[in-house]
Amino acid sequence: MYFRATFPMGEKYMKESYRYLFESNPHPMWIYDTETLGFLAVNDAAVAKYGYAREEFLTKTIRDIRPPEDLPRLLRNIADLKPGLDQAGIWRHITRDGRVLSVEIISHTVEYDGRPAELVLARDVTEEWQAGEGVAQKGRELAALNALGRKINASLSLPLVTETAIRMVAELAASDFALLFFREGEVLVLQNVATPESHSHIPVHRVGECLCGLAARSGEALYSSDIHHDRRCTWEECKKAGFRSFAAIPLRSGDETVGVLGLASLTKRDFSIQDSFLETVADQVSAALRNARLYEQVRKQAAELERRVEERTEELAAKNRELETFAYTVSHDLKAPLRGIKGYSHLLLQDHAPQLNEEGRRFLGNIRDAAGQMNRLIDDLLAYSRLERRPLARTRINLRPLVEALVAERGEEIRSRGVEVVMTFACPSVSADRDGLAMVLRNLLDNALKFTRDVPSPRIVIEEEESPEGCRLRVSDNGIGFEMKYHDRIFGIFQRLHRTEDYPGTGVGLAIVRKAVERMGGVVRGESAPGRGASFVLELPTKDEQERRTQWPFLPPRTQ
Amino acid sequence: MAFSAASNAVMRPILLVEDNPMDLDLTCRAFAGRTRNPIEIARDGEEALSWLKRWEEGAPQPLVVLLDLKLPRVGGLEVLQQIKSHRLFGAIPVVVLSSSSEDGDVHAAYRLGANSYIVKPVDFEVFTSVAEEIDRYWCGVNEPPREWYPEPG
């Protein structure tokens, strides 16, 4: 509870003694009108401290001795003013020549010539305040730097880092404008302006021109507290924009100046007080920009690589399609002359055999055999190329009935040659294309039968076991086998290890096996030694594509 | 105009559309002695289509058209489509005789209304059996409808 009183202090009531106490008080004192905010009386100490002549002082309002940024707080404070004593705390005041004072304000409501007024005593605490404020300011700066570092390093997108940096720097330095220039050769290009409105008229700077250009050239931070009276500041646009004080801080990357951070204030202000802070801010910004630029470069290169890989892949796919179409067309076109050869040699043998001698008939027989062999080659080539073009219809397949049916198809040969066939099954099912899988197994069975032709007590073992990849099927025989150095060759198209008259065939069978197995997402390999039999191992997936993809998301999509 | 019931008055032919001279000769030889019907020949797609006009003018319609797919100028599938969508002659049986065993060709032919698709056998003995079977079914067993209402459009 305060005792509030209003002292009648008008000119005519003011006693000489009171006037003396007011006028000669060692602290600046004044009375201002709480409605117009105009000064009504000022004392000698105020005149001395603030630098205005008494007459000039009395034409001013208390707004004129405040930094513009403090005005909102001041007006709020006056609006909330209660009658009686007010300890308003520490405020910043500005002297006529632009110096900033820290003053402790104590005031009391009075009536002056019948007008509501406030009697104010301002005690200059600039020095003691600055000592304490210095510590507090350093703390704030450190916190601000920390926040800046965190924010601008949170993103690697160049535009985002640029924007965040400009916004935060303007805020941290309490400047009205922050400008960011990137250096491109001898030109500074404005990136973005953090301003209340857009100031698009700010032109591109040349290195060496105006404060920013000079900072870019020298690599040193430059400060101007009044650009209107600074010969280094040559750009009229900055002045037209209303800038008063300016800081141009180079952004350095190694020995290079990569840009300039510009800070502008609409009032007279000495940015150099904060030089180490501002230069640290600039270092933070340039580090973040360097990171973002490097990242941008890496990203661009990665995208370029990706694009090239895609292009090449598409080219390859197109070439492959072309080749397949070619193989298919050629194969069909080869059939027509072949029909001629086979047809006419048949007619020749049928209608004109008596006119030929023994040798002629043998030649004719050879022609027909050759044509037959060619026909098989073309058919196999067609089957091989069809394998590539045909879409896969993947289903779950139980291997037992399929293998048993294929063995049964060859029942007559197996019985007549006395081949022992042993089968064991273990997997519930595999995920495969039925026709493709049947083609694979048929070829492996036929191979096993073919290469056990001349061995005593021929034996074929078909075993199935579960494996990490899914299902492992092994087709082994005790036939003539092959040398492992030929392992890769036997899976190539038209590759043969034996003479046709010894073991007939076109050399396509195992190529078909490998192509079909690989298209189904499986693997095939052979194990053998000459005279020790051969064993072909199929690794087949048991899960379908969808399931496998969920399991291994990095699995590339398969072309169907 | 339309269809006259199969009769012995006019011996209705087999129309063979084939451009390859050897295939043409072999096909004729395969049929020789296995059919009583005459074989008319068109050497390309355009010539095959000219038969539509002749049939309109009263030439005897074939019991079956044997059509190769790979033909110069107008292709076999185009000929097939024109016959099968014809308001009068859509019911004439067309058997495709092609070198191709590709699923794509087979599907395309059946989609356009082919009555059968036979892959030309390389073995002449097989070819003669095919000829015999074509004659037995299409020139003997099969009886085309007396009236033909082509599908609209």
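Remember, it's a predicted structure, so these values are computed and weren't measured experimentally. The analysis underlying the following values was restricted to heavy atoms, covering all of them including side chains, and did not include hydrogens, waters or symmetry mates.
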Checking side chain to side chain contact (heavy atoms under 4.5 Å, CB included) for the pair B/Val122/A/Asp379: CA distance, chi angles, key distance, verdict?
CA-CA 11 Å; B/Val122 173; A/Asp379 281 342; over 6 Å; no
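- In this structure, A/Arg434 places its CZ atom where only 12 or fewer heavy-atom neighbours from other residues, nucleotides or ligands lie under 6.0 Å away.
- Between the NZ atom of A/Lys335 and the CG atom of B/Asp23 there is a distance of 12.0 Å, given to the nearest 0.5 Å.
- Rounding to the nearest 0.5 Å places CG of A/Asp333 at 3.0 Å from NZ of B/Lys70.
- Atom CG of A/Leu338 and atom CE of B/Met22 lie 10.5 Å apart (nearest 0.5 Å).
- Using a 4.5 Å cut-off between heavy atoms, B/Asp105 contacts chain A through its side chain alone, with no backbone atom that close.
- In this structure, CG on B/Asn20 lies 7.0 Å from CZ on A/Arg339, to the nearest 0.5 angstrom.
- Annotation: the span from B/Arg29 atom CZ to A/Gln350 atom CD amounts to 10.0 Å, rounded to 0.5 Å.
- Looking at B/Ser98, there are no atoms closer than 4.5 Å to chain A (heavy atoms on both sides), in backbone or side chain.
- The number of heavy atoms from other shown groups lying within 6.0 Å of OH (B/Tyr110) is above 12.
- A/Glu314 CD: more than 12 foreign heavy atoms inside a 6.0 Å radius.
- Between atom CZ of residue A/Arg368 and atom CG of residue B/Asp123 there is a gap of 7.0 Å, rounded to the nearest 0.5 Å.
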